[in-house]
Number of protein chains: 2
Amino acid sequence: MPDRPTSRDVARLAGVSRTTVSLVLNNVPDVHISPETRQRVLEAARQLNYYPDASARRLVSGKTSTIALVWHRGPDRTYRDAFLPGLLQGATRAARHYGYYVLFRPIEPDESDDAWVELARGRHTDGLILSGPRSDDAALLDLYREGFPLVLHGQLPGTDIPAVDVDNESGAMAAIRHLLALGHRRIGMITNAPLAYIASRQRLEGYRRALEEVGIPFDEALVHCGNFDEESGRQAMQALLALAERPTAVFIASDMVAVGALRALREHGLRVPEDMAIAGFDDIATSRYLTPALTTVHVPAFGLGWSAVELLIRIIEGDAPSETQVRLETELVVRESCGASAPQGKV
Amino acid sequence: MPDRPTSRDVARLAGVSRTTVSLVLNNVPDVHISPETRQRVLEAARQLNYYPDASARRLVSGKTSTIALVWHRGPDRTYRDAFLPGLLQGATRAARHYGYYVLFRPIEPDESDDAWVELARGRHTDGLILSGPRSDDAALLDLYREGFPLVLHGQLPGTDIPAVDVDNESGAMAAIRHLLALGHRRIGMITNAPLAYIASRQRLEGYRRALEEVGIPFDEALVHCGNFDEESGRQAMQALLALAERPTAVFIASDMVAVGALRALREHGLRVPEDMAIAGFDDIATSRYLTPALTTVHVPAFGLGWSAVELLIRIIEGDAPSETQVRLETELVVRESCGASAPQGKV
DNA sequence: ACGTGTTACTAACACGCGTTAGTATACACC
DNA sequence: GGTGTATACTAACGCGTGTTAGTAACACGT
């Protein structure tokens with residue numbers, strides 16, 4: 001590898017000082033450089049194929065122009081992978097739009113929960129997005145209190161750390177209202193995960209509230225917990241089918257879990273939606289290709305990524321909005337599994 | 001944000017020089033520091049919660065300890081997203097294993113094809129992985145000739161740039177042999193993409209060779225081209241069904257395309273595998289949940305990511321292997337769509 | 001002729017670290 | 001008592017840039 005040209009080389013070739021090179025190439029405003037000199041510098045830089053050294057620039061400017069996306073891979077990692085492409089695309093597009101790079105840092109199950117701290121403390125990045133945060137993380141709170149720019153993807157109850165998440169409760173309500181509109185009155189639920197997860201509690205609360213709206217009392221027997229994966233859905237559905245009085249519809253707060261529930265129904269010889277209506281949540285890539293195609297609540301992964309980065313960068317640049325808790329709306333996607341006819345042309 | 005401690009602060013607190021601090025904290029070998037001093041430095045660093053500044057370290061060492069994954073989002077972007085979680089996980093795990101960070105840089109369709117060049121020229125990274133490279137990229141060849149560490153994911157015919165890819169030909173052969181073993185003799189094919197893509201040509205070649213092995217002549221009428229998406233598969237299958245003498249099995253070199261083909265078969269009232277056997281390629285997340293579950297050729301996304309990074313880092317560190325063209329083996333995953341019984345316990 | 005202001009630049013510092021070359025002391029050996 | 005060597009450190013340089021403070025030349029009004 002031949003020696004890279006530095007700004008000194010450009011200066012020499014253009015017959016000016018290094019300062020002038022810097023002023024010209026960075027287009028510093030309110031500085032007087034003659035058009036001829038400007039041209040000479042530009043030409044010299046072009047001729048040498050000069051690119052300023054990122055490390056030097058970072059050091060002197062104190063800005064890394066980089067943000068990190070910290071991706072916790074916990075017990076829910078397979079579930080969360082479903083959103084990775086969309087979220088990452090939203091995040092990188094927003095980052096690029098504002099002139100930032102994105103460092104991707106998964107935290108594997110065998111790593112310490114705060115292995116990401118060095119990214120902040122070592123000034124590798126100007127800010128962090130933490131996806132799938134743990135609440136018992138003292139390092140997180142320290143950093144936040146010191147004013148380090150931080151945005152969570154997913155909520156952390158009991159803190160006011162800026163966070164971006166989907167509106168789980170209203171999403172669940174939309175699904176239930178859809179089932180109610182189709183005439184169902186005995187509606188069961190399988191949660192996406194144990195109730196230790198806040199998203200599970202919120203989706204359950206949406207279910208409860210939507211029933212309450214129409215005067216249907218909450219019946220604990222109709223609710224079972226899923227645990228991210230297919231198998232948990234299969235077991236939960238089996239439990240519901242063992243009930244003396246079965247529900248006519250089940251809201252399953254995770255499409256991945258719904259896949260297992262559908263299997264249980266097939267194993268019991270029950271048809272969907274004729275014998276039982278099913279509504280899901282998440283709208284993962286697979287959902288539209290299931291038989292029957294799953295009616296579900298779409299989670300805007302791209303929007304979550306974009307919003308998180310946009311919020312983070314505003315915080316980094318000292319332009320934080322007054323409201324730093326962002327909740328994105330979901331959208332009900334009607335397909336086949338509830339028996340409603342889909343709008344023309346939609347898949 | 002309070003002022004970050006620097007190595008000078010640590011030195012002052014420990015009552016030694018900055019040099020000593022650096023020597024102790026970096027565990028420089030063959031240098032004599034008394035155990036007491038060593039302890040004092042460590043204690044001071046701990047007390048100040050000192051983390052060395054990454055930018056300064058990069059500048060002085062000339063190493064960024066960062067590699068970039070450049071992800072071209074072309075016409076095949078939806079297809080390629082299916083492998084992103086696996087590939088990224090493999091890449092980041094390998095990177096971390098060798099002490100590197102990963103910068104993720106998608107190139108959107110509206111960006112210049114060589115928008116990634118500044119990452120290399122500006123010394124943002126020590127090396128690059130280019131996923132989905134374009135062959136007409138002069139900047140790529142320049143960089144390679146200058147010795148900048150580079151690894152491609154996906155092949156670029158006519159160059160010897162280090163590359164990691166899946167063995168498309170042998171994967172296709174495995175699928176065809178499977179269909180042959182089940183008694184099929186008239187086997188059609190729908191390619192994953194137009195033949196401008198090398199992977200398409202290679203999978204087609206595998207199909208051709210596997211048939212040739214058993215003396216079945218290549219019949220052009222049985223081959224139609226897909227174009228990454230579902231709809232192209234639907235149309236290609238319709239064309240095959242319009243044939244006077246239909247195939248009894250079709251190898252579809254992309255699961256996403258196969259989804260559309262399955263739909264076409266359903267629309268024609270044909271059962272899979274009874275009326276027609278279907279074998280796919282890629283093993284995307286959806287494949288196992290299709291009805292019928294798709295027998296397909298598994299692509300090791302994690303392995304591709306890991307191998308690419310491992311190769312890249314060996315090149316960066318001057319330890320390049322003699323063979324820099326890596327081809328990973330695929331694995332046939334037998335499910336339901338060909339009518340063979342799956343091995344016990346496998347899904 | 002002389003201050004004042006504008007234009008067009010440059011010298012020199014600082015960012016925080018790794019590292020090389022060098023110094024001071026202690027100890028051993030003949 | 002001088003030489004040599006190991007030990008335990010430190011002073012100072014340089015990485016490549018952005019930026020601040022400053023200088024030289026020139027025009028202009030009085």
Side-chain angles (χ1 to χ4, degrees), chain A residues 1-42 44-45 48-66 99 118 121-124 126, chain B residues 1-42 44-45 48-65 99 118 121-126:
Chain A
M1 238 174 326
D3 271 6
R4 265 168 40 89
T6 71
S7 65
R8 175 171 284 103
D9 298 321
V10 177
R12 194 146 37 207
L13 181 58
V16 297
S17 72
R18 232 178 35 65
T19 306
T20 303
V21 171
S22 177
L23 295 176
V24 169
L25 295 184
N26 292 322
N27 251 312
V28 177
D30 300 326
V31 79
H32 304 281
I33 309 272
S34 74
E36 302 80 42
T37 305
R38 213 170 267 278
Q39 200 48 48
R40 268 211 326 280
V41 169
L42 256 25
L48 294 176
N49 200 17
Y50 169 73
Y51 286 75
D53 182 276
S55 305
R57 191 177 258 195
R58 283 173 180 223
L59 177 59
V60 71
S61 72
K63 290 223 28 157
T64 64
S65 295
T66 302
E118 55 121 11
R121 298 256 178 232
R123 277 242 192 297
H124 282 87
D126 295 335
Chain B
M1 240 174 322
D3 271 6
R4 265 166 40 88
T6 71
S7 67
R8 175 171 285 102
D9 299 320
V10 177
R12 195 147 34 205
L13 182 59
V16 297
S17 71
R18 233 178 35 66
T19 306
T20 303
V21 172
S22 176
L23 295 176
V24 169
L25 295 185
N26 293 321
N27 251 311
V28 177
D30 299 327
V31 78
H32 305 282
I33 310 271
S34 75
E36 302 81 41
T37 305
R38 215 172 267 276
Q39 200 49 47
R40 270 211 324 284
V41 170
L42 256 25
L48 295 175
N49 199 17
Y50 169 73
Y51 286 75
D53 182 276
S55 304
R57 190 177 260 197
R58 283 173 181 224
L59 178 59
V60 70
S61 72
K63 291 222 29 158
T64 65
S65 295
E118 55 120 11
R121 299 257 178 230
R123 279 245 191 295
H124 282 87
T125 72
D126 295 336

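So that the names make sense, note that chain A is the first sequence line, chain B the second, and so on, each numbered from 1. Atoms considered below: every heavy atom in the structure, side chains included; atoms not considered: hydrogens, waters and symmetry mates.
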When the distance from [atom1] of [X] to [atom2] of [N] is rounded to whole Å, what number comes out?
X: A:H124; N: C:dG16; atom1: NE2; atom2: P; value: 16 Å
X: A:D30; N: C:dA8; atom1: CG; atom2: P; value: 14 Å
X: B:R57; N: D:dG16; atom1: CZ; atom2: P; value: 19 Å
X: B:I33; N: D:dA6; atom1: CD1; atom2: C1'; value: 14 Å
X: A:L25; N: D:dG18; atom1: CG; atom2: C1'; value: 12 Å
X: B:R8; N: C:dA14; atom1: CZ; atom2: P; value: 11 Å
X: B:R4; N: C:dC15; atom1: CZ; atom2: P; value: 13 Å
X: B:Y50; N: C:dG18; atom1: OH; atom2: P; value: 6 Å

Short side-chain N/O contact from [X] to OP1 or OP2 of [N], under 4.0 Å:
X: A:R58; N: C:dC15; result: no
X: B:S22; N: C:dG18; result: yes
X: A:S17; N: C:dC9; result: no
X: A:S34; N: C:dC9; result: yes
X: B:T37; N: D:dC9; result: yes
X: A:T20; N: C:dC9; result: no

Heavy atoms from C-beta onward define the side chain here; which of [options] lies closest to that of [X]?
X: B:R18; options: C:dG18, D:dT17, C:dT10; result: C:dG18
X: A:H32; options: C:dA8, D:dC9, C:dC17; result: C:dA8
X: A:D53; options: D:dG16, D:dG18, C:dC17; result: D:dG16
X: A:V60; options: C:dG16, C:dA12, C:dC15; result: C:dC15

At under 4.0 Å between heavy atoms, what does B:V16 touch on the DNA or RNA strands: base, sugar-phosphate, or nothing?
sugar-phosphate
Sugar-phosphate only, base, or nothing, as touched by B:V31 at under 4.0 Å among non-hydrogen atoms
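Nothing: the residue B:V31, judged by heavy atoms under 4.0 Å, touches no strand.
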For B:G15 and for B:L59, find the nucleotide of DNA chain D with the closest heavy atom, then tell me which residue's nucleotide is more 5'.
B:G15
Between B:L23 and B:S61, name the one whose nearest nucleotide on DNA chain D is closer to the 5' end.
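It is B:L23, whose closest nucleotide lies nearer the 5' terminus.
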Donor-acceptor pair, side chain of B:R38 and main chain of B:V24, under 3.5 angstrom
no
Under a 3.5 Å distance rule, please check whether B:D126 uses its side chain to pair with a backbone N or O of B:K63 as donor and acceptor.
no
Polar side chain donor-acceptor pair, A:T66 to A:R58, under 3.5 angstrom:
yes
Answer whether the closest heavy-atom distance between the side chains of B:T6 and B:D53 falls below 4.5 Å.
no
Side chains of B:T20 and B:I33: does their closest heavy-atom pair fall under 4.5 Å?
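Yes - at least one pair of side-chain heavy atoms lies under 4.5 Å apart.
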Pair of N/O donor and acceptor under 3.5 Å linking C:dA11 base with A:T19 side chain
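Per atom types, the contact qualifies.
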Apply side chain to side chain donor-acceptor pair (under 3.5 Å) to B:R18 and B:S7, showing your working.
CA-CA 6 Å; B:R18 233 178 35 66; B:S7 67; 3.3 Å; yes
